[in-house]
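Any value given below was found using the heavy atoms of this structure, including those in side chains, with hydrogens, waters and symmetry copies removed.
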Protein chains: 2
Amino acid sequence: MAVVATSTRGRILAAATELFGTRGVDAVSLDEIAAAVGVRKQTVLYWFATKDELVDAVFADAVAQMGAVIEAAVRAAPDEPLARVDSVVRAVFRAAVRTPPLLGLMRELSRLPEARAARLRERLVPLVDRAVAYLGAEMDAGRVRRSDPRLLASLAAATVTGIATDPEALRAVGWHANLVELRHLRTELRAFLRAALSPHA
Amino acid sequence: MAVVATSTRGRILAAATELFGTRGVDAVSLDEIAAAVGVRKQTVLYWFATKDELVDAVFADAVAQMGAVIEAAVRAAPDEPLARVDSVVRAVFRAAVRTPPLLGLMRELSRLPEARAARLRERLVPLVDRAVAYLGAEMDAGRVRRSDPRLLASLAAATVTGIATDPEALRAVGWHANLVELRHLRTELRAFLRAALSPHA
DNA sequence: ACGTCTCTCTACCAACTGGTAGAGAGACGT
DNA sequence: ACGTCTCTCTACCAGTTGGTAGAGAGACGT
């Protein structure tokens, strides 16, 4: 369900993803999206009857993308918790570099009316449940630091999305986005999560 | 410079803090803020000549509050890195419980026009610099896991603001806000950071 | 040559946005 | 009793918002 950027519909979705993710849903107008695509607002409304419909499509697409990325990363990694975390972090990073506003969008979820957010969240629930169950089992096996697996999963996720979506935190320490710094950040993030999850504390 | 919620001005600031923090600056209108306070929009504009002026005041207040909270927490803690982190986490938690949108506001910083964000950031720069220098020194002393102190500070901060401002991450694992769960979350967060910072990985 | 379908356009609209102008009500010192 | 200052109000404005109505241009099967 990835965005096909050649069709008008696909280009609208891509532009909306970008703008919603970086500036917030409410702050972006249909006119602005249309201008970014190079069409009139009414063309946007031809493809998506209302703004809400566009918002839903953008989020559904983003959630599906994130879900697929994480699922693939888990499947590709060996059955060892720290390696899996590494694999997921790599994959999420790759996705975030390819589509920078993706993680920002994930965060915008919390500003959506609860009913719609819940519907979108459903898509991710199985992933989360599996991650929590996996962490719990690995704790029993002594391969992950003993703690509440639900909250451990949330904390790890918050660290990843937090660092990826909050440029202020990085700018405040003189960090600037470029390939070398990005690789450095990824290395540090993996070490951080490894340390936070390791059983020997 | 804490908000005095009895004066009209103070009540406007408090309402704007709440709304800006939870829904974003652009998405909240002056009418809405006025309605929340129980006055007309023109009363808001009497106290703050423009919306920008109100936004600046809200952010300046929030940044000052956060700065004061963190500074006090650091001074109160013994000179031992994990204890200091504990102390800061406690203090930030307490502030976030008292004024829930505070951390959300911190995140909104990144959506402000760069010039204004930079001006507000200045207030926090000395705090950040000191934290980074401190972490670096403690790494040399072997009391903190060796890594890039700038990024370690950012990752720890991202974890705290991430978990505090992204209710989705917590709701997805069945977490609900109440005093017991909150205390549990704080405990887990402190253990998480302890593990991530500890030298023995 | 014709109708049909897909797509984008121009021209509007009511509601809401941030902001201006200025009146009026009360408290207070003289 | 008077003016002055502080504060909130009603009335209004131009620009922008999401959305409607409907025309027209091109591709395509017949």
I'd like a table of atom pairs between the protein and nucleotides 21-23 of chain C - only N or O on both sides, under 3.5 Å - with the distance next to each one.
none

>> Just verifying a value: how many Å separate B/Ser154 OG and A/Leu185 CG, rounded to the nearest 0.5 Å?
In response: 8.5 Å
> Given atom NZ of B/Lys41 and atom C1' of D/dA11, what is their separation to the nearest angstrom?
Replying inline: 11 Å
> Honestly, is A/Arg116 close enough over A/Phe59, meaning NZ or CZ under 6.0 Å from the six-membered ring centre and within 45° of the axis?
Replying inline: no
> Contacts to DNA chain D from residues 45-59 of chain A, heavy-atom cutoff under 4.0 Å, which residues?
Replying inline: A/Leu45, A/Thr50, A/Lys51
> Using a heavy-atom distance cut-off of less than 4.0 Å, which residues of residues 28-36 of chain A contact DNA chain D?
Replying inline: A/Val28, A/Ser29, A/Leu30, A/Asp31
>> Would you compute the distance between atom CD of A/Glu80 and atom CG of A/Asp86 and round it to the nearest 0.5 angstrom?
In response: 9.0 Å
> Could you walk me through whether B/Phe48 and B/Leu13 pass the side-chain contact (heavy atoms from CB on, under 4.5 Å) check?
Replying inline: CA-CA 10 Å; B/Phe48 305 92; B/Leu13 265 182; 3.9 Å; yes
> Salt bridge check: are B/Arg146 and B/Asp140 linked by an N-O gap of less than 4.0 Å?
Replying inline: yes
> By side chain to side chain donor-acceptor pair (under 3.5 Å), which residues pair with A/Arg107, not counting sequence neighbours?
Replying inline: A/Thr165
> Looking at B/Glu108 and A/Arg111, does any basic side-chain N land under 4.0 Å from a carboxylate oxygen?
Replying inline: yes
> Quick one: B/Arg11 CZ to D/dC7 P, roughly how many Å, whole number?
Replying inline: 13 Å
> Between A/Glu181 and B/Arg150, does at least one N-O distance fall below 4.0 Å, as a salt bridge requires?
Replying inline: yes
>> Please tell me if A/Thr8 has a side-chain N or O lying less than 4.0 Å from either OP1 or OP2 of C/dC7.
In response: no
> Can B/Arg121 and B/Glu114 be counted as an ion pair, charged N to O under 4.0 angstrom?
Replying inline: yes
> How would you list, by chain and number, every residue that makes a side chain to side chain donor-acceptor pair (under 3.5 Å) with B/Asp129, sequence neighbours excluded?
Replying inline: none
> Which is it for B/Glu138 and B/Tyr134 under the side-chain contact (heavy atoms from CB on, under 4.5 Å) test, yes or no, and what are the steps along the way?
Replying inline: CA-CA 6 Å; B/Glu138 293 296 324; B/Tyr134 178 73; 3.6 Å; yes
>> For a side-chain contact (heavy atoms from CB on, under 4.5 Å) check, start with the C-alpha distance between B/Leu54 and B/Ile33, then their side-chain angles and the critical distance, and finish with the verdict.
In response: CA-CA 11 Å; B/Leu54 172 59; B/Ile33 295 166; 3.8 Å; yes
> Stem ranges for DNA chain C, with three or more consecutive Watson-Crick or G-U pairs under 3.5 Å?
Replying inline: C:1-30 with D:1-30
> Are any of A/Thr43's side-chain N or O atoms less than 4.0 Å away from OP1 or OP2 of C/dC9?
Replying inline: yes
> Would you find a donor on one side and an acceptor on the other, under 3.5 Å apart, between the side chain of B/Lys51 and the backbone of B/Val25?
Replying inline: yes
